[in-house]
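What you see below is based on every heavy atom in this structure, not just the backbone, and it leaves out hydrogens, waters and symmetry mates. Just follow the structure's listing: the first ligand is 1, and inside any ligand the first atom is 1.
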Amino acid sequence: MNTNAFALRHIGPREDDQNLMLKTIGVDSLDQLIYETIPDDIRLKNGLNLEDPMTEHEYLLHIHELSKKNKAYKTYIGLGYHPTILPAVIQRNILENPGWYTAYTPYQAEIAQGRLEALLNFQTMVIDLTGMEIANASLLDESTAAAEAMSLLFAVRERDQKKAGINKFFVSENILPQTLSLLQTRANPIGIELVIGNEDTFEFSSEFFGAVLQYPGKDGQITDIKSFIGQANAARIKVAVAADILSLVKLEAPGKFGADVVVGTTQRFGIPMGYGGPHAAFFATKEAYKRDLPGRIIGVTKDANGNRALRMALQTREQHIKRDKATSNICTAQVLLAVMASMYGVYHGPQGLKFIANKVHNKTSTLAHALEKLGYKQINTSYFDTIQIKTKAKKIKKIATEKKVNLLYPDSKTVIISINETTAIRDINYLISVFAEAAKKETITISSIEKANNISKTVQRQSEFLKEPVFNTYHSETELMRYIKSLERKDLALNHSMISLGSCTMKLNAAAEMLPLSWFKWGNIHPFAPLKQAKGYFTVLKGLEDQLTEITGFAATSLQPNSGAQGEFAGLMVIKAYHESRNDHHRNICLIPSSAHGTNPASAVMAGMKVVVTKSTAEGNIDVDDLREKAELHKDNLSTLMVTYPSTHGVYESAIKQITKIIHDNGGQVYMDGANMNAQVGLTNPGNIGADVCHLNLHKTFAIPHGGGGPGVGPICVAKQLVPFLPGNPIIKTGGKDAITAISGAPFGSALACLISYGYIKMLGAEGLTESTKIAILNANYIKQRLQGSFDTLYSGERGRAAHEMIVDCRPFKANGIEVTDIAKRLMDYGFHAPTVSFPVAGTLMIEPTESESKAEIDRFCDAMISIKKEIDKATKDDNNNVLKNAPHTLNMITADEWYFPYTREEAAFPLNYVRDNKFWPSVRRVDDAYGDRNLICSCIPIEAYAEA
Ligand SMILES: *Cc1c(COP(=O)(O)O)cnc(C)c1O
């Protein structure tokens, strides 16, 4: 046995443990268990066809070799992506720290106050710089944020505008090309008409409900947004501004001019370009629109002692339950990147940011003047960091490329140069020499940077920003290191104990998978750099596509979507394009079973489909008769069935092939939500069950860490007939031959994060992946067995087995006055993060251990659950003062001089012996969720909310 095989590091239970677990379950072998779990007719006959597994060491050598194929040229392309300097203290203490990157989305606020605070800082920073009233805690990328802004403005049209069907949206021709492509994708299905034009000549007519401007424009020219917004407002046209965050240090905040929404990316705040992502976008708007704000918002509240505490506020949920009026499906966002960008703001503070922005601006100006001296014509009259030269682009391109410099060449007569934080005087001189050579003149050498101001008066920044103490305190490395640590200590992540989040698959995020993300040659590639410079990426991304295509049994894969929900939207748009290619424009009915995740109907609505909800049986399966009836009823207009497999009830429905056949017989396509793919890999696949397209959550099944709520990667894999429609990109050719317009700004989405999944599959290989699936099922069934007698499992397969997760029923405990939330909070006292609360069934917990958890850890978790059950038995209906209702218990409570509670301090804080060795102290008492956050899971929304009346 190769004791260094990665499978042995990734998979928790040792062989002896596995045998004990099988015995507990009452089966002879792992194969017997799998036989009893997965229906025979969907089992794969052959194993996966993948390359042999590598050890961690071999993989690191391999990925290092590949990195050398990437050419990190000096890059001045701009278009929303810039080289940056990631402060080492942030790289080491956040990006490379499992205490931060393995945390879950902060639904359990009491053990997440650290990242909640960092996110509150992020929101504060965005609010200050944009001059808006509220901001969310990140979005997927700038282009998506701009599309969300358009949707929001459409949703909040004034009543008479809605009544009159006002649907025109003005888009500045100076918008980033990838953003324009995304706006096109999103506008069409919901009935918005885009009008692209020049903002200086735009006629403000009552046919328009909204407009979006780029600030500064893609060519670097700063438009006079003050005058535009003024005129737009007078004409009742609401305005979104896509702003460059670093430029806002010098440009007046759009909020000051009356903008309705301001979006952009925080990539420039220390986040590597990573060939396109991941980066955190921001979204800021007016208080009045808070109910329509997409994504997650962190809010301040109180704990049971009246102390300040943070939590995710409810707007997310309100957003999704707007029935068929949903305007957004955002679930996973970009928390880790938002945390890093916020720390960049904390570290530099307002003075530091001004220093950086001034440096960038002054260097740009110095360069412009030197080029003018060489005889070039620079045409931007008001600019921050980007200049536009009118010259023969071809000549410059040839010399620049030879000298390993990337510039932007929008047409044959224009060269655009974007300066950034990393640009040194040496680089400016090098740039000048490129242009001197082209002009056949002697170069000019700059030795000092001039102080400049090339920003027109009307938009120069007057307002202050980042006055809060947090942005003016931690400016030495020691201070920032300790601040980061103080937040980290408040958060429970996978480096403390298992997080058995049903549907979210919190498995190991191996260090070897993560290490390359810090490497220069992976971080510093611009997404629009010529493909020739990204050969290392090409190998990894193509390799990952092929791996995922093989694993899903499909024909091709697109890595573009930045989350599972974006994958859903992408998949549905691909299906729509397919139907339309066959002249089936009318097919718009989307069947969705009642147990589906809330993003499913939200995505369907965004794709312009009409949601019809189908029933579940008492056993938790899809009601096949109801499904057939509805499929036949709508057969002329049937577009799609969205189905999760195994179901969100944790069961491999044996009727799945029959179900997919019914849909095909009635002219529909089958979309499989792949969030539960961890129960399929190597044993069955979506192609095999009859699906046509699925998304995968690489941040669930394929080892990308959850990051506290993102990054995510949600590729879609499709059957042959859908391949031509895979999403494209306006700059770098990607996708199918009849590609739909973009789903994300970058051609390959969050390419840097894709390294993780590529490494995961490379190191496990076919056998390790299949073994992982089997052990995930073993671990789940072991928990089911151990909890028997204490907790009832709600659903199981025909042979009595759970899949890779199970739902345990906590509703009977209401008789003792105990709610499922009380159990979730009490688990914190035992050192555990709660499983998924109340999804997909209210009053239940959904437990998913994953293959990575060892028997010892699972036993500790089960011991905690069983001990809690004993506490529940002692509780009585009208008793609000017991160990469950008062949970979680903080160190302050336990060590206070007075103790009012009818149980001991020891029972409260150290209920089982093992807790003593590794105690985790929640930093606040139970957070007051007056709005009923208890049903909020991963923005999981009860599907009933979408049902047709
Ligand atoms: C997590 C999840 C989603 C949404 O995926 P994101 O990556 O968060 O957008 C959709 N469906 C199911 C069943 C899920 O568990």
Side-chain angles (χ1 to χ4, degrees), residues 104-107 137-141 144 148 278 294-296 312 316-317 319-320 326 328-336 499-507 559-572 592-604 606 642-651 671-680 686 694-702 704-716 743-744 749-750 753 757 803-805 807 835-841 846-848 850 936-943 946:
Y104 184 60
T105 306
Y107 290 116
S138 81
L139 276 183
L140 301 169
D141 66 7
T144 307
E148 292 288 343
R296 295 158 173 161
M312 289 193 346
T316 347
R317 188 151 168 268
Q319 169 59 241
H320 287 271
S328 172
N329 64 351
I330 298 293
C331 185
T332 287
Q334 300 280 19
V335 168
L336 189 70
I499 301 179
S500 55
L501 240 294
S503 209
C504 286
T505 315
M506 299 289 290
K507 59 173 64 181
L559 295 170
Q560 207 178 94
N562 281 324
S563 72
Q566 292 312 91
E568 292 170 20
F569 175 66
L572 294 176
I592 304 185
S594 60
S595 61
H597 191 278
T599 54
N600 289 188
S603 300
M606 279 163 57
M642 292 187 90
V643 59
T644 307
Y645 200 78
S647 74
T648 51
H649 289 158
V651 176
Y671 183 95
M672 194 199 85
D673 179 327
N676 288 343
M677 197 63 197
N678 212 44
Q680 290 194 36
C694 74
H695 79 255
L696 302 172
N697 304 66
L698 300 191
H699 48 298
K700 296 178 180 176
T701 312
F702 294 95
I704 293 180
H706 234 75
V713 176
I716 52 169
I743 294 293
S744 303
S750 292
S757 299
H804 66 311
E805 62 190 6
I807 297 174
T836 300
V837 177
S838 288
F839 170 78
V841 183
M846 179 153 62
I847 307 171
E848 178 181 358
T850 84
L936 243 187
I937 307 132
C938 210
S939 306
C940 312
I941 307 312
I943 175 110
Y946 293 90

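Contacts of A675 with ligand 1, taken as heavy-atom pairs under 4.0 Å, involve the side chain alone.
Under a 4.0 Å criterion applied to the non-hydrogen atoms of A565, ligand 1 contributes the atoms 5 (O), 6 (P), 9 (O). Counting atoms of ligand 1 from 1 in the listed order, those under 4.0 Å from a heavy atom of E568 are 10 (C), 11 (N). Each of the atoms 1 (C), 2 (C), 3 (C), 5 (O), 14 (C), 15 (O) of ligand 1 lies under 4.0 Å from some heavy atom of K700. With ligand atoms numbered from 1 in the order given, ligand 1 contributes 8 (O), 9 (O) to contacts under 4.0 Å with heavy atoms of C331.
Distances between N or O atoms of H695 and those of ligand 1 include no value under 3.5 Å. Between Q566 and ligand 1, not a single N/O pair is under 3.5 Å apart. The distance criterion of under 3.5 Å between nitrogen or oxygen atoms is not met by N600 with respect to ligand 1. For ligand 1, the polar-atom distance check against T648 finds no nitrogen or oxygen pair separated by under 3.5 Å.
You'll find the side chain of L336 reaches within 4.5 Å of the side chain of P711, heavy atoms only. Annotation: side chain of I330 is in contact with side chain of Q566 (closest heavy-atom distance under 4.5 Å). H706 has its side chain within reach of C504: a pair of non-hydrogen atoms, C-beta onward, lies under 4.5 Å apart.
Proximity annotation for atom 10 (C) of ligand 1: of L696, T599, T644, T599 comes nearest, heavy atoms only.
Within the 4.0 Å heavy-atom shell around ligand 1 one finds H699.
Defined by atom type and a distance below 3.5 Å, a donor-acceptor pair is missing between the side-chain atoms of N329 and E568. Between S647 and H649, the side chains place no donor N or O within less than 3.5 Å of an acceptor N or O (distance only, hydrogens not considered). Donor-acceptor pairing under 3.5 Å is recorded for the side chains of T505 and E848.
Classification of the H695-Y671 ring pair by plane angle, with boundaries at 30° and 60°, yields tilted.
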Does the side-chain hydrogen bond (donor to acceptor under 3.5 Å, both in side chains) test come out yes or no for T701 and N678, once each step is laid out?
CA-CA 5 Å; T701 312; N678 212 44; 4.9 Å; no
